[in-house]
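These notes concern the structure reproduced below.
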Amino acid sequence: MSSTESNIKIWKRVAQIAGIFAFVISIILIINYAQYKTIDPVNTELINSLVEKLNVNPSDSLLREQIRTVDLLSRKAYFTNQWQVRTGGYLLLLSIAVLVIAMQIVKSNSPKVIVIDENENSFVEQKNARKWISISGIVLVGTALLLAFLTHNDLSKEFKIAGNQDKLTNTSVETQTTADKDIFIEEEDQASNELTIINETEKAEEEVEKIVSTTNEQASDDKSEKKPLVSTEEKGVVETPKKILNAYPSEDEILKNHASFRGPGGNGISYRKNIPTSWDATTGENVVWKVEIPLHGYNSPIIWGDKIFVSGANSAQREVYCIDRNTGKILWTGEVKNIEGSPATSPEVTEDTGQAAPSLTTDGRRVYAIFANGDIIAFDMEGNRLWARNLGDPDNHYGHSSSLMLYQNVLIVQYDIKKSPKIMGLESSSGATLWEAPRKVKVSWASPVVVNTGNRTEVLLVADPSVDSYDPLTGKLNWSVDCIFGEVGPSVAYSNGLVYAVNEYAKLVAIKIGDNPEILWESTDYMSDVPSPVATEDLLFMATSYGVYLCYDAKTGEILWEQENDNGFYSSPMLVEGKIYLMDMQGIMHIFKAEREFVSIGDCPLGEDGMTTPAFADGKIYIRGNKHLFCIGK
């Protein structure tokens with residue numbers, strides 16, 4: 001076979017594939033239009049009916065919340081449909097272009113055939129057949145493109161009608177925050193951002209049906225006598241709260257509390273004052289109270305106002321505890337059970353990870369927890385269960401330990417598991433997926449860190465092989481630097497335009513961020529496999545699981561001092577009032593000045609082993625040991 005014949009054969013195959021692809025896309029677009037005509041993807045009728053009910057009873061705060069939630073789901077359905085139609089149209093045009101080009105190449109390279117008179121009728125019949133096939137194809141493609149245009153146009157009209165009807169309600173019904181609009185703009189542009197939209201039209205409609213059903217159930221429940229809040233609901237149905245506060249906390253509120261693992265934004269810095277520097281829990285010196293936590297967990301305490309939250313779990317039970325910050329009394333216990341999709345058997349985990357390693361987070365309106373089996377749940381501050389779902393098996397060989405993080409109304413979940421690692425943004429009041437971004441990384445145990453880098457707020461993640469920055473409202477990847485490897489446990493630290501990442505058997509790196517992030521310096525002298533570093537403008541502090549803790553020049557990587565300890569560290573160092581608080585595995589808190597020369601302030605025993613990171617409030621420090629939660633005060 002000559003090269004010309006070989007090329008003709010290849011291009012004929014390309015033309016065939018392009019033609020089949022165009023045919024399939026055309027059929028899909030036509031079916032999509034037929035489905036659109038039989039359903040209400042943007043829930044126009046439902047929104048209108050809810051608005052009419054609200055006009056009759058404008059003080060119904062629960063109904064306002066339902067309108068807002070349905071509107072949120074409608075917008076997701078709208079943008080998903082728009083993206084599907086638009087992408088289908090582009091793919092159809094592309095396949096037609098490839099088909100035409102391939103046919104032209106075949107025609108120009110094919111030898112001319114002389115028609116013999118006795119075969120002329122047969123040739124004419126073949127020519128007519130090809131003609132009618134071509135006409136049929138053109139009609140099919142034209143019909144598909146026309147229906148795609150009509151679907152796109154009609155959806156826009158219906159969406160505007162629903163949106164305008166929604167605006168007819170009084171101004172107290174905030175159907176969409178500025179942050180939400182940013183999210184949906186990014187979702188509409190997801191093809192260029194390579195984001196994965198999870199909530200397709202059918203799923204959104206199912207959620208709406210559940211919401212309406214739950215609303216009706218709640219209306220009848222409100223008439224009954226309120227039961228005491230000891231443990232949350234028994235039937236496994238996600239309850240609609242009687243009172244929901246959707247506004248997210250201000251920056252000032254966040255800085256005044258300790259709402260996440262390693263403090264505000266998860267960056268290892270607390271802004272509280274008058275923190276004690278001397279205690280001895282073995283004698284009771286400066287111990288205000290201690291309380292035993294019913295179920296074990298390695299998650300660190302978080303604080304909002306006068307409430308502390310921790311979780312505990314074993315292979316059969318999972319619980320969330322709310323504790324009075326002033327007395328140590330357990331105010332309520334939230335049971336985590338009857339969650340759809342939750343596995344019947346808890347995954348196997350190592351002893352030093354356990355079933356409840358991830359720390360919780362809160363926005364002062366709700367508290368959120370995640371466990372080793374993939375269950376994630378939200379309670380209000382009084383212990384009412386609001387929503388729960390299972391995110392799928394967090395498959396790894398130690399147990400899931402990435403803590404939760406919040407930014408505005410987005411609950412951020414780092415889910416770097418063996419299969420399909422990803423970062424997710426969930427709507428904090430409902431648990432619905434706002435966005436999801438796949439990650440090209442290996443399994444990790446690090447937690448997200450949220451920082452304002454001057455021009456924008458970024459979510460910083462680390463996992464083999466990279467440190468990555470994401471937009472917390474959209475999941476868009478801002479930048480990525482390959483610099484790390486291995487089983488990554490420590491989270492990053494940030495200060496003054498520099499991001500620090502470390503992992504044992506790998507290296508410690510300082511990344512200068514900006515339009516073109518670059519590695520500023522590297523070190524391989526000391527590595528951490530669990531504790532996360534913490535940084536000031538000029539200094540970087542780090543601890544290792546084998547007992548060394550040290551200080552670097554943050555800008556050059558020079559080691560300024562190092563100390564050895566008989567016990568190793570799993571707890572991460574915390575920077576508070578110019579001092580570093582670092583607890584070893586035997587529960588001894590090492591306190592020293594955050595300075596270029598080592599100056600010890602004190603070593604304070606807890607009286608039991610501990611692997612968690614402390615939380616701080618004005619005049620108090622809260623430490624979780626392996627059995628008890630301690631309040632230390634002056």
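Count residues from 1 along the sequence.
Open room surrounds CD on Glu348; 12 or fewer heavy atoms of other groups in view lie less than 6.0 Å from it. A 6.0 Å sphere centred on OH of Tyr546 holds more than 12 heavy atoms belonging to other residues, nucleotides or ligands. Residue Lys620 places its NZ atom among more than 12 non-hydrogen atoms of other residues, nucleotides or ligands, all under 6.0 Å distant. Counting heavy-atom neighbours within 6.0 Å of Lys593 NZ, excluding the residue itself, gives a total of 12 or less. Within 6.0 Å of the NZ atom in Lys329, the count of heavy atoms belonging to other residues, nucleotides or ligands does not exceed 12.
Checked against a 6.0 Å centroid threshold, the rings of Phe309 and Tyr321 do not count as neighbours. Checked against the 6.0 Å centroid criterion, the rings of Phe592 and Trp561 qualify as a close aromatic pair.
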Working note: Phe630 + Trp279, criterion ring pair (Phe, Tyr, Trp, His ring centres under 6.0 Å); need CA distance, chi angles, decisive distance, verdict.
CA-CA 11 Å; Phe630 295 80; Trp279 65 87; 9.9 Å; no

Where do Phe616 and Tyr622 land on the ring pair (Phe, Tyr, Trp, His ring centres under 6.0 Å) test, with the steps shown first?
CA-CA 6 Å; Phe616 302 87; Tyr622 298 87; 9.0 Å; no

Quick one, Glu562 with Tyr549, criterion side chain to side chain donor-acceptor pair (under 3.5 Å). Give me CA distance, side-chain angles, the key distance, then yes/no.
CA-CA 6 Å; Glu562 58 189 84; Tyr549 57 104; over 6 Å; no

Passes side chain to side chain donor-acceptor pair (under 3.5 Å), Asp529 versus Ser545? Steps please.
CA-CA 7 Å; Asp529 65 339; Ser545 59; 2.8 Å; yes

List the steps and the verdict of side-chain contact (heavy atoms from CB on, under 4.5 Å) for Asp280 and Asn286.
CA-CA 7 Å; Asp280 186 343; Asn286 286 338; over 6 Å; no

The test is side-chain contact (heavy atoms from CB on, under 4.5 Å); show your working for Val530 and Thr544 and say whether it passes.
CA-CA 7 Å; Val530 177; Thr544 70; over 6 Å; no

Given Met542 and Val502, is the side-chain contact (heavy atoms from CB on, under 4.5 Å) satisfied, shown in steps?
CA-CA 9 Å; Met542 191 181 73; Val502 63; 3.7 Å; yes

Check step by step if side-chain contact (heavy atoms from CB on, under 4.5 Å) holds for Ser572 and Phe261.
CA-CA 10 Å; Ser572 297; Phe261 172 60; 4.2 Å; yes

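No side-chain donor-acceptor contact under 3.5 Å links Ser495 and Glu537. A side-chain donor-acceptor contact under 3.5 Å links Glu458 and Thr453. Judged purely by distance below 3.5 Å, without hydrogens or angles, the side chains of His590 and Asp584 pair a donor atom with an acceptor atom. Side chains of Ser429 and Glu427: a donor on one and an acceptor on the other come within 3.5 Å. Residues Tyr570 and Asp352 have side chains that bring a donor and an acceptor to within less than 3.5 angstrom of each other. For the residue pair Arg318/Ser342, the side-chain donor-acceptor check at 3.5 Å is not satisfied.
Using a distance-only test at 3.5 Å, with no hydrogens or angles considered, a donor-acceptor pair links the side chain of Asn257 to the main chain of Glu253. Formation of a donor-acceptor pair under 3.5 Å by the Asn396 side chain with backbone atoms of Ile417 is not found in this model. Side chain of Thr282 to main chain of Gly607: no donor-acceptor pair is present (N/O by atom type, distance under 3.5 Å, no hydrogens or angles). Listed for the Thr353 side chain is no donor-acceptor partner under 3.5 Å among the backbone atoms of Thr350. Formation of a donor-acceptor pair under 3.5 Å by the Arg365 side chain with backbone atoms of Asp363 is found in this model. Judged by distance alone, the side chain of Trp332 and the main-chain N or O of Met381 form a donor-acceptor pair under 3.5 Å. Remark: side-chain polar atoms of Thr612 are not paired, donor with acceptor, to backbone N or O of Ser300 under 3.5 angstrom. Checked by atom type and distance alone, the side chain of Trp435 pairs as donor or acceptor with a backbone atom of Pro472 at under 3.5 Å. When atom types are taken as modelled, the side chain of Asp471 and the backbone of Gly475 share no donor-acceptor pair closer than 3.5 angstrom. Panel note: side chain Gln414, backbone Ser444; no donor-acceptor pair is recorded below 3.5 Å.
When side chains are defined from C-beta on, Leu550 counts as touching Ile559, because their heavy atoms get closer than 4.5 Å. Within the 4.5 Å cutoff, the side chain of Val488 has no heavy atoms near those of the Val443 side chain. Residues Ile302 and Tyr368 form no side-chain contact, since every pair of their non-hydrogen atoms from C-beta on lies 4.5 Å or further apart. Residues Asn409 and Ser428 have side chains in contact (heavy-atom distance under 4.5 Å, counting atoms from C-beta outward). Using a 4.5 Å cut-off on side-chain heavy atoms (C-beta onward), Gln563 and Phe598 make contact. Contact annotation: the side chain of Cys322 never approaches that of Ile330 to less than 4.5 Å [non-hydrogen atoms, C-beta and beyond]. Using a 4.5 Å heavy-atom threshold, the side chains of Tyr505 and Asn503 count as separate. A 4.5 Å side-chain heavy-atom check between Tyr271 and Pro264 finds at least one atom pair inside the cut-off.
The existence of a salt bridge linking Glu436 and Lys422 is confirmed by a sub-4.0 Å separation between a basic side-chain nitrogen and an acidic carboxylate oxygen. For the pair Asp468 and Arg439, the salt-bridge criterion is met [side-chain N within less than 4.0 Å of a carboxylate O]. A salt bridge does not link Lys273 to Asp618: none of the charged nitrogens lies less than 4.0 Å from a carboxylate oxygen. Ion pairing of Asp324 with Lys307 is absent here, as no side-chain N (NZ or NE/NH1/NH2) approaches a carboxylate O to less than 4.0 Å. Ion pair Lys442/Asp416 not flagged as a salt bridge, since none of the NZ, NE, NH1 or NH2 atoms sits closer than 4.0 Å to an Asp/Glu carboxylate oxygen. Here Asp306 pairs with Arg325 in a salt bridge; the nearest charged N to carboxylate O distance falls below 4.0 Å.
Residue pairs satisfying the ring pair (Phe, Tyr, Trp, His ring centres under 6.0 Å) criterion with at least one member in residues 388-413, sequence neighbours excluded, are listed as follows: His397-Trp445, Tyr398-Trp445, His400-Tyr415.
Across all non-hydrogen atoms, the minimal contact from Ser532 to Arg262 is CB-CZ, 3.5 Å.
Residues satisfying the salt bridge (Lys or Arg N to Asp or Glu O under 4.0 Å) criterion with Glu487, sequence neighbours excluded, are absent altogether.
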